[in-house]
Amino acid sequence: APALMLPSAAANAHKKRAISHRGRARRFVDWLLAAVRRIVVDIPFAYFLRRVVGKASGFWMTSLQSVWGNPNDVSDTDGLRFQWPAIGKGWERGLLA
């Protein structure tokens with residue numbers, strides 16, 4: 001009877017190794033997709049956000065005037081209040097997370 005158990009134990013060990021290899025392959029594919037996403041999407045989009053939102057002084061004034069009730073009521077301090085969070089280093093990473 002013990003001899004009958006060995007082939008099944010060997011088959012189970014082989015199945016576990018096959019599952020383990022699939023797990024490693026899946027982790028590698030996940031890592032590869034994350035790296036591609038970072039290179040293709042995150043880095044260019046972060047650059048775009050920094051250039052358009054963070055640096056452009058007219059972005060916030062133009063945007064606020066288009067959504068404000070009366071565009072003439074938008075003051076420079078209103079524009080600065082909205083622009084202030086975009087001045088800190090790395091703020092765009094929060095949008096991409």
Side-chain angles (χ1 to χ4, degrees):
L4 296 176
M5 299 295 267
L6 289 176
S8 121
N12 284 339
H14 178 68
K15 286 181 187 176
K16 286 181 183 177
R17 278 195 302 273
I19 291 171
S20 146
H21 288 297
R22 275 186 258 150
R24 278 190 224 140
R26 179 66 186 173
R27 283 193 304 269
F28 176 73
V29 169
D30 289 344
W31 173 84
L32 187 62
L33 288 174
V36 168
R37 177 184 175 244
R38 173 143 174 77
I39 293 169
V40 173
V41 177
D42 290 356
I43 292 173
F45 192 61
Y47 176 78
F48 171 77
L49 283 173
R50 279 193 306 268
R51 297 291 295 172
V52 172
V53 177
K55 303 281 185 200
S57 59
F59 173 81
W60 287 107
M61 289 300 291
T62 306
S63 301
L64 289 172
Q65 286 172 345
S66 66
V67 298
W68 216 266
N70 183 0
N72 297 328
D73 288 343
V74 179
S75 67
D76 290 336
T77 57
D78 293 328
L80 286 174
R81 279 188 291 141
F82 280 85
Q83 186 181 4
W84 187 255
I87 292 174
K89 183 178 180 183
W91 62 268
E92 70 280 353
R93 285 184 297 211
L95 295 177
L96 297 173

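We count residues from 1, following the sequence as given. The structure presented is a predicted model; accordingly, all values stated were derived computationally and were not measured.
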Joining Ile, Leu, Val, Met, Phe, Trp and Tyr whenever any side-chain heavy atoms lie under 4.5 Å apart, the cluster holding Leu32 also takes in Phe28, Trp31
Ile39 and Pro44 have their tightest heavy-atom pair at O-CD, 3.4 Å
Is Tyr47 reachable from Phe59 through a run of I, L, V, M, F, W or Y residues, each pair having side-chain heavy atoms under 4.5 Å apart? no
Do Val36 and Val41 share a hydrophobic cluster (ILVMFWY, side-chain heavy atoms under 4.5 Å, transitive)?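 Linked, Val36 and Val41 end up in one cluster.
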So the side chain to side chain donor-acceptor pair (under 3.5 Å) pairs with at least one residue in residues 63-73 (sequence neighbours excluded) are none
